K.L.:
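Just passing along the structure, written as structure tokens.
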2 protein chains.
Amino acid sequence: MILPLAIKRFDLAKAKKAAVKELSAEEKIKAAAKRIFTQKGFAATRTRDIAEEAGMNLALLNYYFRSKQKLFDIIMLENFKKFIHGIVIEVVHENATIEQKLEKVVAAYIDFLALNPDLPFFILNELRNNPTSIASTISDEINQIRNSFFKQLQQGNKKSKLPPMEPFHFVANLIGLTVFPFVGKPILQRVTNVSDSKFNALMQERKKLVPVWLKAIMNAK
Amino acid sequence: MILPLAIKRFDLAKAKKAAVKELSAEEKIKAAAKRIFTQKGFAATRTRDIAEEAGMNLALLNYYFRSKQKLFDIIMLENFKKFIHGIVIEVVHENATIEQKLEKVVAAYIDFLALNPDLPFFILNELRNNPTSIASTISDEINQIRNSFFKQLQQGNKKSKLPPMEPFHFVANLIGLTVFPFVGKPILQRVTNVSDSKFNALMQERKKLVPVWLKAIMNAK
DNA sequence: GTCTATATTCTGATAGAC
DNA sequence: GTCTATCAGAATATAGAC
């Protein structure tokens with residue numbers, strides 16, 4: 001009789017699933033895929049690498065996700081949402097002055113990027129390759145930003161004497177000062193001869209500095 | 001007799017080489033490789049694409065450059081030198097104040113990037129994949145920057161009341177404000193809804209604005 | 001030097017046993 | 001659901017004719 005053995009196996013599987021730390025094969029693969037795709041991009045990633053990173057078999061990748069492309073699409077969508085939603089939206093929508101929003105959004109972004117340093121490069125990379133496909137999934141969030149924050153920006157703030165500013169320059173400066181250091185980390189570290197721990201400390205400094213700088217830029221000349 | 005024909009062929013080849021616009025097969029392949037590698041990176045580029053772009057046969061690529069990797073290494077080295085040398089060095093080495101250098105280097109960089117918009121992303125991308133290999137080839141230039149400009153920066157400028165500044169923040173700000181817009185072009189255009197021609201016009205504006213902003217940053221608070 | 005045809009290696013995906 | 005073994009196609013590289 002083989003039945004008892006089968007039951008035994010089933011119970012073991014249940015026990016594993018009940019354990020808090022234990023991930024299913026599907027989850028392990030997805031997590032591994034997210035790490036590698038985010039770090040190396042679609043083209044440079046091999047499905048074999050993902051399977052190995054997950055400690056799983058290559059065949060399981062296709063069993064759960066059908067193809068490399070479908071798996072990538074899932075990761076990409078999640079990464080995009082993570083990058084935009086929850087960081088920009090909540091900070092941008094509340095009732096607050098430009099100055100207050102600046103301080104919040106910069107600090108939130110830097111904290112977020114310290115935990116996800118590869119994300120901005122991934123976004124930039126895949127956005128170059130995908131002329132349009134992503135556009136629809138994030139257009140809602142972008143429209144919200146445009147309708148709320150950009151208008152506020154172009155009005156300026158009379159109380160604190162903050163003059164209005166061209167939205168493009170403002171966004172380019174905000175992202176350039178806040179997220180670029182993470183994108184350009186390899187070259188910045190090489191040029192300035194800065195260690196990883198020093199880099200992290202400098203990023204923490206920037207949480208205070210960048211909002212001050214951005215205000216100085218708006219008031220310049 | 002086949003000899004006369006051979007001579008005829010030889011003369012034709014010479015005539016072609018003499019023509020100003022005519023590139024040799026080797027040069028055509030290298031030029032095509034530079035375009036495609038720079039735009040798509042190593043992994044996403046196929047040797048077939050390069051051969052087709054060059055209007056040449058695939059076998060010639062291996063005849064002249066032995067392998068995809070060796071061809072890429074040549075392009076990468078040239079791109080790195082182009083990016084550092086001639087842009088940074090000449091501007092950084094002359095006898096001038098920080099303010100004067102700032103104006104020159106920003107304008108030179110933006111003009112350069114307008115002609116080579118894919119270059120910074122390429123550098124960033126391949127620097128991520130290559131932990132060390134490139135380091136040696138550019139360390140000389142970097143050391144020159146460190147020894148001349150960084151020292152000047154940390155001394156500040158008493159005449160124009162420019163206080164000294166942490167080199168890392170300065171470089172991060174300079175590159176973030178100057179080259180990031182080109183790296184982040186796809187996302188910036190999407191968020192701010194800006195056309196290609198408008199983008200170029202805004203970049204021209206930044207030639208004047210960024211130096212002013214960088215000075216405002218140094219004097220902030 | 002240049003081409004066509006082919007060899008070789010890599011990689012995504014599947015078949016089929018358990 | 002999971003594994004081993006294998007296939008099919010793509011991509012790099014080479015052999016050999018001209």
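We name chains A, B, ... by the order of the sequence lines, and we start the count at 1 in each one. Everything numeric here is computed off the predicted structure, so don't read it as measured data.
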K.L.:
To the nearest 10°, give me the bend of the helix from dG1(C)-dC18(D) to dC18(C)-dG1(D), comparing the axes of its five terminal pairs at either end.
P.N.:
10°
K.L.:
Given the ring of Phe149(B), does Lys101(B) sit roughly above its face, with NZ or CZ under 6.0 Å from the centre of the six-membered ring and within 45° of the axis?
P.N.:
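No - Lys101(B) does not lie over the ring of Phe149(B) by the 6.0 Å and 45° rule.
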K.L.:
Count the heavy atoms of every other residue, nucleotide or ligand shown that sit under 6.0 Å from CZ of Arg66(A), and state whether that count exceeds 12.
P.N.:
no
K.L.:
Quickly work out the Asn57(A) CG to dC18(C) C1' distance and round it to whole Å.
P.N.:
13 Å
K.L.:
Rounded to whole Å, how long is the line connecting atom CZ of Phe72(A) with atom C1' of dT11(C)?
P.N.:
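Rounded to whole Å, this separation is 17 Å.
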K.L.:
Are the side chains of Phe112(B) and Leu119(B) in contact, using a 4.5 Å heavy-atom criterion?
P.N.:
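When only atoms from C-beta onward are counted, Phe112(B) and Leu119(B) do touch, with a gap below 4.5 Å.
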K.L.:
OP1 or OP2 of dG12(C) versus the side-chain N and O atoms of Arg66(A): is any pair under 4.0 Å?
P.N.:
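Indeed not, no polar side-chain atom of Arg66(A) lies that close.
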K.L.:
Kindly say if Thr47(A) contacts the phosphate of dG12(C), meaning a side-chain N or O under 4.0 Å from OP1 or OP2.
P.N.:
yes
K.L.:
When only distance counts, do a donor and an acceptor, one from the side chain of Arg48(A) and one from the base of dG12(C), lie under 3.5 Å apart?
P.N.:
yes
K.L.:
Please state how far atom CD1 in Ile29(B) lies from atom C1' in dA13(D), giving the value in whole angstrom units.
P.N.:
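Answer to the nearest Å: 14 Å.
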K.L.:
Given atom CG of Leu60(B) and atom P of dA5(C), what is their separation to the nearest angstrom?
P.N.:
16 Å
K.L.:
Would you indicate which nucleotide in dC3(D), dA13(D), dA13(C) comes nearest to any side-chain atom of Ser67(A)?
P.N.:
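The closest nucleotide is dA13(C).
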K.L.:
Kindly say if Tyr63(B) contacts the phosphate of dA13(D), meaning a side-chain N or O under 4.0 Å from OP1 or OP2.
P.N.:
no
K.L.:
Can you tell which of dG1(D), dG1(C), dC3(C) lies closest to the side chain of Ala59(B)?
P.N.:
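The closest nucleotide is dC3(C).
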K.L.:
Please report the distance, rounded to the nearest Å, between CG in Leu58(B) and P in dC3(C).
P.N.:
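Between P of dC3(C) and CG of Leu58(B): 11 Å.
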K.L.:
Are the side chains of Glu205(B) and Glu166(A) in touch, meaning some heavy atoms are under 4.5 Å apart?
P.N.:
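SC-SC contact between Glu205(B) and Glu166(A) ruled out.
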K.L.:
Using whole Å, what does the distance between atom P of nucleotide dC10(C) and atom CZ of Arg46(B) come to?
P.N.:
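It is 18 Å, rounded to the nearest whole Å.
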K.L.:
Determine the contact category for Leu61(B): base if any of its heavy atoms lies under 4.0 Å from a base atom, sugar-phosphate if only primed atoms, P, OP1 or OP2 are that close, otherwise nothing.
P.N.:
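Contact class for Leu61(B): none.
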K.L.:
Nearest to the side chain of Lys68(B), heavy atoms from C-beta on, is which of dC3(C), dA13(D), dG12(C)?
P.N.:
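Among the listed nucleotides, the one closest to the side chain of Lys68(B) is dA13(D).
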K.L.:
Between Phe42(B) and Phe37(B), how do the two ring planes meet: parallel, tilted or perpendicular, split at 30° and 60°?
P.N.:
parallel
K.L.:
If you measure only the distance, is there a donor-acceptor pair under 3.5 Å linking the side chains of Asn200(A) and Gln204(A)?
P.N.:
no
K.L.:
Decide whether a cation-pi geometry holds between Lys185(A) and Phe199(A); the criteria are a distance under 6.0 Å from NZ or CZ to the six-membered ring centre and an angle within 45° of the ring axis.
P.N.:
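Yes, Lys185(A) lies over the aromatic ring of Phe199(A).
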K.L.:
What's the CG-P distance between Asn62(B) and dT4(C), to the nearest Å?
P.N.:
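Roughly 15 Å, once rounded to whole Å.
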